[in-house]
**Q** 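Following this message is one structure expressed as structure tokens.
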Amino acid sequence: MQTAITPTRADNFPEWYQQVIKAADLAENSDVRGCMIIKPWGWGIWENVQRQLDAMFKATGHVNAYFPLFIPLSFLEKEAEHVEGFAKECAVVTHHRLEAKDGKLVPAGELNEPLVVRPTSETIIGAAYARWVQSYRDLPVLINQWANVVRWEMRPRLFLRTAEFLWQEGHTAHETMEEALVETEKMLGVYEKFAREHLALPVFTGEKSESERFPGAVSTLCIEAMVQDRKAIQAGTSHFLGQNFSRASGIEFATRDGGKEFAWTTSWGVSTRLIGTLIMAHSDDDGLVLPPRVAPSQIVILPVLAKEESRAAVLQAAGELAAALRVQSAFGEPIRVEIDRRDAGGGVKNWEWIKKGVPLRVEIGPRDLEKGVVAVSRRDRGPKEKEFPASGDFVATAGALLEAIQAGLLERATAFRDEHTRVIETGEEFRAFFTPKNAAQPEIHGGFALAHWDGTAETEEMIKEELKVTIRCIPRDANPEPGVCPFSGRPSARRVVFAKSY
RNA sequence: CGGGCUGUGGCUCAGCUUGGUAGAGCGCUGCGUUCGGGACGCAGAGGCCGUGGGUUCAAAUCCCACCAGCCCGACCA
């Protein structure tokens, strides 16, 4: 059977991913290595992610602000582990002027202190908080910013790992450790909920091991999703920073009893990587599949313009249908509808929208007009499947239909994840699970392994060396099951989630 | 930053081994036939063959240097 995307997922997963992005017109590589151009359809997804997440941040008491792109080099030096973590991938601005020389522009006007393009903003925000926070009465500070950051990556991949990417970073400062811990958990909860309810992604939540922790954090919580090649992808992180950064930046306040204490801070973020995760989790061999909640357009109307004599009537009916749908709602928002009036072949247009992943396609032609019906195709079904509800019925149920598609995607992704999540007891089982059965096409294999771990960095490192498998997260069950580490034979407090990862 | 490969119309690539007038498919433009399913015919536009140097009567083709990109490693949201 011919598929819209070649190669298929099974044939070559990484190449399939690139082709889906291209076919859906989401983004492309730019003239600057590692930096992508996000095209309107891809940007539309990000806008929805932003708007919906932002509402959740506001609902949990946060406000937005904006901090500079440039960070003085000296700021980055303040937190030792932080420096070590990010120094290798920083873009540095050293000049502030260009001069023409032999027909070329050369940098001139060297800066006294080089500026680092933010890889993250803990240090510069910390410096501001140090000024803003004088008393316990000034706490908590609950600020988020939507921004771009730069991490000079050697091997970029669209959305998953780009030198410049877009994200939000929340930075909070609290009076007590407990309060900061609650905040860290709360935002992890927001991410988990957003992933599940908006992106239809079931995620594991837990804590990172020391080796995977954010540089400078006391602990890092994360959400980990599984995509269709069964690899794990870190989709969001929430860090408890203790007093590390407040000490480095001097965020000190007068306590209730007249003493002095450093504030307890957190930071948390999700990035455009969510879009890459979304693509790899839901899409199929005919292209992108979008959860309705974040689809830029949820319904596309495709007027059948084949015959000149019916053209005007069909276009008018399409316009009326769109207007009727736009006053309906799905997920508590007005339904997003667009009409594709282009005078191209019906098949071509239809396939374009399949590849773009629009949840519902509605064809309306002269025969439908006579019968008062519309031809509805769902992206989560086969490309040729159509239903013919009465136009009015479709309008009335469209919101519910979108919600059902959203629920179906979550169900499908959850079933997939569960199918490829295994409780593993022995080292042999573990190795078998993570060894490709087909060495020629090793992309798709394995999954999540729930196995015991002795808690040492040595064991973790050994597994990473041998199998390229890492601990994705340490779940925080209320009643962890103790056991024996299959790699070292030492006791283990709990099972952890192992997987190959992006 | 190591190891391998590749730079030729907008895109994907052939041509290079054996030097001799720049090619194909897709896309694009126009006209026509189609069109409730990823259509077809005809006509057309579009290229200092990555950059610089060398060899030669003659270089996309051979040689040298440089630049850029891709893949595989190390690193990472």
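To find a chain, count down the sequence lines: A is the first, B the second, and so on, and within it residues start at 1. Atom set for the values below is all heavy atoms of this structure, side chains included, hydrogens, waters and symmetry mates excluded. Not measured: the values here are computed from a predicted model.
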**Q** Going from CG on A:Leu290 to CD1 on A:Ile279, what distance comes out if it is rounded to the nearest 0.5 angstrom?
**A**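 Spacing of CG (A:Leu290) from CD1 (A:Ile279) equals 8.5 Å.
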**Q** Between A:Pro156 and A:Ile5, which is nearer to the 5' end of RNA chain B once each is assigned its nearest nucleotide?
**A**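 Its nearest nucleotide being more 5', the pick is A:Ile5.
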**Q** Need one value for A:Lys208: base, sugar-phosphate or nothing, where a base atom within 4.0 Å counts as base even if backbone is also close, heavy atoms only.
**A**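 If one applies the 4.0 Å heavy-atom cut-off, A:Lys208 turns out to touch nothing in the nucleic acid.
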**Q** Touch check for A:Leu160, heavy atoms < 4.0 angstrom, all strands: base, sugar-phosphate only, or nothing?
**A**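 Base contact.
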**Q** Suppose we define a pair by two distances each less than 3.5 Å, Watson-Crick or G-U wobble; what does B:rC11 pair with here?
**A**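 For B:rC11, the partner nucleotide comes out as B:rG25, under the 3.5 Å rule.
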**Q** Picking from A:Arg379, A:Arg381, A:Arg9, what satisfies salt bridge (charged side-chain N to carboxylate O under 4.0 Å, His left out) with A:Asp284?
**A**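 Of the listed options, the one satisfying the test is A:Arg379.
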**Q** Can you tell which of B:rC75, B:rG38, B:rA77 lies closest to the side chain of A:Lys88?
**A**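 For A:Lys88, the side-chain atoms sit closest to B:rC75.
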**Q** From B:rG36, B:rG38, B:rA77, pick the nucleotide closest to the side chain of A:Val348?
**A**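 My answer, after comparing the listed nucleotides, is B:rG38.
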**Q** Under a 3.5 Å cut-off for both distances, is B:rA60 Watson-Crick or wobble paired, and to whom?
**A**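 B:rA60 is paired with nothing.
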**Q** Angle between ring planes, A:Trp16 versus A:Phe13, binned at 30° and 60°: parallel, tilted or perpendicular?
**A**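 Tilted: the ring planes of A:Trp16 and A:Phe13 meet at 30° to 60°.
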**Q** With a 3.5 angstrom cut-off on both distances, give the Watson-Crick or G-U wobble partner of B:rU55, or none if there isn't one.
**A**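 Result: none.
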**Q** Parallel, tilted or perpendicular for A:Phe240 and A:Trp264, by the 30°/60° rule?
**A**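 Rings of A:Phe240 and A:Trp264: parallel, as their planes differ by under 30°.
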**Q** Between A:Phe448 and A:Phe204, is the ring pair (Phe, Tyr, Trp, His ring centres under 6.0 Å) condition met? List the steps.
**A** CA-CA 10 Å; A:Phe448 287 177; A:Phe204 274 107; 5.4 Å; yes
**Q** Between A:Arg118 and A:Phe67, is there a donor-acceptor pair closer than 3.5 Å when you use the side chain of the first and the backbone of the second?
**A**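 Present.
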**Q** Taking the C1' atom of each, how far is B:rG9 from B:rG25, in whole Å?
**A**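 After rounding to an integer number of Å, I get 13 Å for this pair.
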**Q** Measure the distance from NZ on A:Lys231 to C1' on B:rC76 and round it to the nearest whole Å.
**A**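 The distance from NZ of A:Lys231 to C1' of B:rC76 comes to 14 Å, rounded to the nearest Å.
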**Q** Please measure how far the C1' atom in B:rG50 lies from the corresponding atom in B:rC70, and state the result in whole Å.
**A**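 Result for the C1' pair: 15 Å, nearest Å.
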**Q** Need the pair for B:rG46. Rule: Watson-Crick or G-U wobble, both distances under 3.5 Å, any strand; none if unpaired.
**A**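 Checking every strand shown, B:rG46 finds no partner, since no pair has both distances under 3.5 Å.
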**Q** On a heavy-atom basis, which atom in A:Leu160 and which in A:Gly276 lie closest, and how many Å separate them?
**A**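 Result for this residue pair: CD2-CA, 3.8 Å.
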**Q** For the pair made of CG in A:Leu158 and P in B:rA77, what is the distance, rounded to whole Å?
**A**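 Value for this atom pair: 19 Å.
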**Q** Between B:rG19 and B:rC63, how far apart are the two C1' atoms, rounded to whole Å?
**A**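 The answer is 13 Å between these two C1' atoms.
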**Q** Work out how far the C1' atom of B:rA22 is from that of B:rA60, and round it to whole angstrom.
**A**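 Approximately 9 Å lies between the C1' atom of B:rA22 and that of B:rA60.
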**Q** Any base atoms under 4.0 Å from A:Ser501, or only sugar-phosphate, or nothing? Heavy atoms, all strands.
**A**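 The residue A:Ser501 makes no contact with any strand.
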**Q** Could you tell me which nucleotide pairs with B:rC16 by Watson-Crick or G-U wobble geometry, both distances under 3.5 Å, or answer none if nothing does?
**A**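 The base-pairing partner of B:rC16, which may sit in any strand shown, does not exist here.
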**Q** Side-chain donor or acceptor of A:Asp368 under 3.5 Å from a matching atom on the base of B:rG36?
**A**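 Present.
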**Q** B:rC70 P sits how many Å from A:Glu28 CD, rounded?
**A**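 Taking atom P of B:rC70 as the reference, CD of A:Glu28 is at 14 Å.
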**Q** Quickly work out the A:Lys307 NZ to B:rC35 P distance and round it to whole Å.
**A**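 In whole Å, B:rC35 P and A:Lys307 NZ are 7 Å from each other.
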**Q** Pairing check on B:rC31: which nucleotide meets the Watson-Crick or G-U wobble criteria with it, both distances under 3.5 Å?
**A**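 Because both required distances fall under 3.5 Å, B:rC31 counts as paired with B:rG41.
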**Q** What distance, rounded to whole Å, do you find between the two P atoms, one in B:rU51 and one in B:rG10?
**A**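 Approximately 13 Å lies between the P atom of B:rU51 and that of B:rG10.
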**Q** Please tell me which of the listed nucleotides, B:rG38, B:rG36, B:rC76, lies nearest to the side chain of A:Lys355?
**A**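 Nearest to the side chain of A:Lys355 among the choices is B:rG38.
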**Q** To the nearest angstrom, how far is A:Glu352 atom CD from B:rG27 atom P?
**A**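 Checked: the CD to P distance equals 12 Å.
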**Q** Starting at CG of A:Asn29 and ending at C1' of B:rA68, how long is that distance when rounded to a whole Å?
**A**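 In whole Å, B:rA68 C1' and A:Asn29 CG are 14 Å from each other.
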**Q** Is the phosphate of B:rC70, meaning OP1 or OP2, less than 4.0 Å from a side-chain N or O of A:Arg33?
**A**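 Answer is yes, contact under 4.0 Å.
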**Q** Are A:Phe86 and A:Phe214, when compared by the centres of their aromatic rings, separated by less than 6.0 Å?
**A**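 When the ring centroids of A:Phe86 and A:Phe214 are compared, they turn out to be within the sub-6.0 Å range.
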**Q** Under 4.0 Å between any heavy atoms, over every strand shown, what does A:Phe214 touch: base, sugar-phosphate, or nothing? Just pick one.
**A**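 If one applies the 4.0 Å heavy-atom cut-off, A:Phe214 turns out to touch nothing in the nucleic acid.
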**Q** Which one is paired to B:rG73, where only Watson-Crick or G-U wobble pairs with both distances under 3.5 angstrom count?
**A**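 Check on B:rG73: paired to B:rC1, both distances under 3.5 Å.
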**Q** Which value, in whole Å, describes the distance between the P atoms of nucleotides B:rA59 and B:rU17?
**A**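 Pairwise P distance, B:rA59 against B:rU17, rounds to 14 Å.
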**Q** Counting side-chain heavy atoms from C-beta on, which of B:rA77, B:rG38, B:rG36 comes nearest to A:Ala375?
**A**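 Side chain of A:Ala375 sits closest to B:rG36.
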**Q** If you assign each of A:Arg161 and A:Gln18 to its closest nucleotide in RNA chain B, which residue comes earlier from the 5' end?
**A**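 Of the two residues, A:Gln18 wins.
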**Q** How far does the P atom of B:rA14 sit from the matching atom of B:rC62, given to the nearest Å?
**A**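 Looking at atom P only, B:rA14 and B:rC62 are 14 Å apart.
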**Q** For A:Arg273 and B:rA77, what is the distance between atoms CZ and P respectively, to the nearest whole Å?
**A**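 The distance from CZ of A:Arg273 to P of B:rA77 comes to 7 Å, rounded to the nearest Å.
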**Q** Rounded to whole Å, how long is the line connecting atom NZ of A:Lys371 with atom P of B:rG36?
**A**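 In whole Å, B:rG36 P lies 13 Å from A:Lys371 NZ.
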**Q** Can you find a donor-acceptor pair, distance only, under 3.5 Å between A:Arg151 side chain and B:rC76 base?
**A**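 Checked by distance alone, the answer is no.
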**Q** Work out how far the C1' atom of B:rC1 is from that of B:rC57, and round it to whole angstrom.
**A**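 These two C1' atoms come out 46 Å apart once rounded.
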**Q** Base, sugar-phosphate or nothing for A:Ala4? Non-hydrogen atoms, less than 4.0 Å.
**A**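 Base, at least one base atom sits under 4.0 Å.
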